[in-house]
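Structure first, then comments.
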Amino acid sequence: MRDVRRSRFLPHSEFLIPHFDRDNRVKTERSIKEFLAEAEDILETANQTLLSIERGQESGRVDPDLVNALFRSIHSFKGLSGMFGLQAPADLSHKLEFMLDELRLGKLGLGRKTLDVLFETVGLLGRLVQQLGKRKQPEDISAALGRIDEVLKAGSAPSDRAMLERVELDREMLKVLTEYEEFRLKENIRERKNLLLIKASFELDNFEKGIKRLNQTLKKYGEIICTLPTSGRERGGIGFTIVVGTGKEGDALAALLKTPNLSIEKVPYVEGVKRTESRTEVPGALRSVSNTVRVDIYRLDNLMNIVGEMHLTKNAIAWIARDMRAVQGFTGFAADLHKLHRNLERKLNELQEGILEVRMVPVGQIFTRLSQAVRKYAREAEKEVDLQLEGEETELDKLMIEDLADPLMHLIRNAVDHGIEPLGVRKQAGKPEQGAVRLTAFPKGNHVVITVEDDGAGMDAGRILAKAVEKGLVGQDHGLDPEADRREILDFIFIPGFSTAEKVTEISGRGVGMDVVKKNVSKLSGMIDIETEPGAGTKFIITLPITLAIIKALVVDAGKQAFAVPLSSVLEILRVNAGQIETVESREVMAVRDETIPLLRLTQAFNLPAGEAKEALYVVLVGLAERRLGLVVDGIRGQQEIVIKPLGKRLSETPGVAGATELGDQRGVVLVLDVESLIEGAAKRAQTARA
């Protein structure tokens, strides 16, 4: 039999399937997917708990329930890893669990170094899970195990049993306390909390509900140190003695509890004992109840594709019904087919909305991961950075969230390394020593807007323009003005290899990254904008559609070709005369309510033969974020639900095209326009014309 302990040093197939034969490979792959889903959920909870612990530590007191909750999460992860025979994650989580146990029992202090090791280790567990999912060799964990040992060696503290002598508590009761309960009792004594003995009795048929309600109320006003069962006061009942540490007096707490058959006795302190200063606390219990069922996102993708194909069938039925009505009017089979089509459309829309709702997840899933990145980058850059999160509950398609993680990581890394100034510079500028990076998300119509903002040095358009001239991106006679053409100049930072950094750092500054951000956001049919002020900070604004699965589109004609324009990008449709279109600096523009809108004829954009000259044309005004463009087309067919299909490798980089779709009218494949790419292309042509 293969030695499972060698799995961390073997190729990934061995790491993935340490003790199953090839006949069971499919079953095992499915099991590994289940492990990945469960492990990601556990570590997501652990990361959120860690952030709460860090906030508590900064304020001077950590809720003891938080460390206990973290302990339980890591314990669950260890058991899960062991069950699947994954040695490296199991070994590391076992060591981390021991460290957390020492922490919750007060044998280890929660200092800066301890917190750093907790973040680093949980982050490493996350990377091990990702490496497993990507079929990569697992990362070496020996250094992480060594750091935990260093913390344990430096932080062990002897138990202070003398603390228990400061209160007049029944010695027999002290004998039955667990090690954790004894530690929590000593911490409450150290803080000179009121110790209350609460005795309550309940009937056997309802004691579970009664004790649960009592505990929930007590936790609002203090800490439950221990709960001991006793015999009921009345025949057939059951009683409990609860030791509580609280800032309230017994009479005040009794009035709040409003529980029958209850008495409260105050535990006196021994005379002469002085109050000592409180210290940062640790641990309690966490129980989560969930009615959710995990579903592989790609299964939902498959369902969505089937719904898309059904939409095509529905569209075909609509065309047939329309032809029948043209022949025999709204009677007989034509009327019946129309009614069936409307009913099918309604049910398909309900099914589609249901699947989309299941696909939606809060963006907080990646916000937590980014929080760890900020801590890491700030420490490497030797800067103090406060990450502020807003709108974590905003929902986005699961697949889009995963594709968004890397672009956001790039933006945050640059904000920490290049945006936030060194401490001395911030002091001279009169800014707080601690820099701020704010990550926000909020819905806006059919889009979601995500911003990454810092209060750092900002970007100087003049400096960017000078660097662009130096690199030969624009000529000396470019004609650009740093104030009037600010937006166009800022867009230079998205050109591959462009960087104004004077030196390369370990975090960023190698001239790569921002072009990747732009490319990845464009793949999601999104747009990225910049707002910046020298000395005040920079904000990157990412605007994305809520989902890319099934979308509503406006079908238009240009020449003899049909195109689909995502309806989420369409602002309005205008019918104009040829005389309303003007030419300025060789560009066609049109005035729309005191705003000059650049125009783009789709026949020219895709080198299509122009149709017959028409006096009346249609202009589809599209926009993302604050940018606008008018698409000049020959005709409007109407709205329709479409499923975007990817193009082949050879056509995937075609500018202005996001994919292809079928309309169900048996007219072949229709190209779906990439509005962001078309707007960008129009802006670049404007720059070229001006130069």
Side-chain angles (χ1 to χ4, degrees), residues 292 295-308 310-311 345 348-368 370 389-408 411 439-452 517-529 540-555 564-572 620-627 639-646 658-659 661 672-679:
T292 60
V295 180
D296 191 322
I297 186 65
Y298 294 102
R299 292 187 179 181
L300 291 177
D301 236 12
N302 186 46
L303 286 178
M304 190 60 80
N305 286 333
I306 294 173
V307 172
M310 293 175 68
H311 270 294
E345 182 177 47
L348 269 180
N349 287 337
E350 291 176 4
L351 179 59
Q352 175 184 321
E353 289 174 5
I355 296 176
L356 286 177
E357 189 174 329
V358 173
R359 291 170 61 106
M360 304 297 278
V361 295
V363 296
Q365 287 193 0
I366 54 173
F367 278 18
T368 304
L370 294 170
L389 305 177
E390 297 178 16
E392 297 102 314
E393 70 285 351
T394 304
E395 291 188 332
L396 199 61
D397 191 299
K398 169 69 174 176
L399 287 179
M400 294 181 68
I401 279 187
E402 293 305 318
D403 290 338
L404 195 60
D406 285 343
L408 289 179
L411 293 178
L439 189 59
T440 65
F442 58 90
K444 186 178 181 181
N446 292 323
H447 291 79
V448 167
V449 179
I450 298 177
T451 68
V452 179
V517 171
K518 180 80 169 179
K519 185 176 181 180
N520 288 355
V521 171
S522 297
K523 285 182 178 178
L524 297 174
S525 296
M527 176 170 280
I528 182 167
D529 274 327
F540 288 92
I541 306 165
I542 298 175
T543 305
L544 298 164
I546 292 177
T547 182
L548 296 177
I550 294 180
I551 64 171
K552 289 186 177 181
L554 178 69
V555 183
V565 186
L567 201 60
S568 59
S569 303
V570 177
L571 303 177
E572 60 180 306
V620 180
L621 188 61
V622 296
L624 285 174
E626 303 302 321
R627 305 191 183 190
Q639 298 180 21
Q640 192 165 317
E641 283 99 353
I642 64 170
V643 179
I644 301 180
K645 302 290 185 179
T661 188
V672 181
L673 297 182
D674 181 351
V675 172
E676 190 272 344
S677 177
L678 292 175
I679 293 176

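Numbers here are sequence positions counted from 1. Note that the structure is a prediction, hence the values are computed from the model and not measured.
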Exercise: identify the closest heavy-atom pair between Val363 and Gly391
CG2-O, 3.6 Å
Note, Leu524 side chain near Val521 side chain (heavy atom, < 4.5 Å)
no
Minimum side-chain heavy-atom gap Ile542-Leu411 below 4.5 Å
yes
Is there a side-chain contact between Leu370 and Leu389 in this structure, where contact means two heavy atoms from C-beta onward sitting under 4.5 Å apart?
no
Of all heavy-atom pairs linking Ala405 and Ile366, the shortest is CB-CG2, 4.2 Å
Minimum heavy-atom separation for Thr661 and Ala564, please, with both atom names.
CG2-CB, 4.5 Å
Please report the closest heavy-atom contact between Pro407 and Asn520, naming both atoms and the distance.
CG-CB, 3.6 Å
When you compare the side chain of Leu396 with that of Leu404, does any pair of heavy atoms fall below 4.5 Å?
yes
For residues Gln352 and Met310, determine if any side-chain heavy atom of one lies less than 4.5 Å from a side-chain heavy atom of the other.
no
Would you compute the distance between atom CG of Leu678 and atom OG of Ser569 and round it to the nearest 0.5 angstrom?
10.0 Å
To the nearest 0.5 Å, what is the distance between OG (Ser568) and NZ (Lys444)?
13.0 Å
Closest approach of Pro362 and Ile401, non-hydrogen atoms and distance?
O-CD1, 3.6 Å
Of all heavy-atom pairs between Met400 and Ile546, which one has the smallest distance, and what is that distance?
SD-O, 3.6 Å
Neighbour count >12 (heavy atoms, 6.0 Å) for atom CD, Glu357:
no
Could you give me the CA-CA distance, side-chain angles and deciding distance for Asp397 and Leu544, then say whether side-chain contact (heavy atoms from CB on, under 4.5 Å) is met?
CA-CA 10 Å; Asp397 191 299; Leu544 298 164; over 6 Å; no
Min side-chain heavy-atom separation Val452-Leu408 under 4.5 Å
yes
Thr394 side chain to Ala441 main-chain N or O, any donor-acceptor pair under 3.5 Å?
yes
State the OG1-CD1 distance between Thr451 and Ile528, to the nearest 0.5 angstrom.
11.0 Å
Rounded to the nearest 0.5 Å, how far apart are NZ of Lys519 and CG of Asp406?
13.0 Å
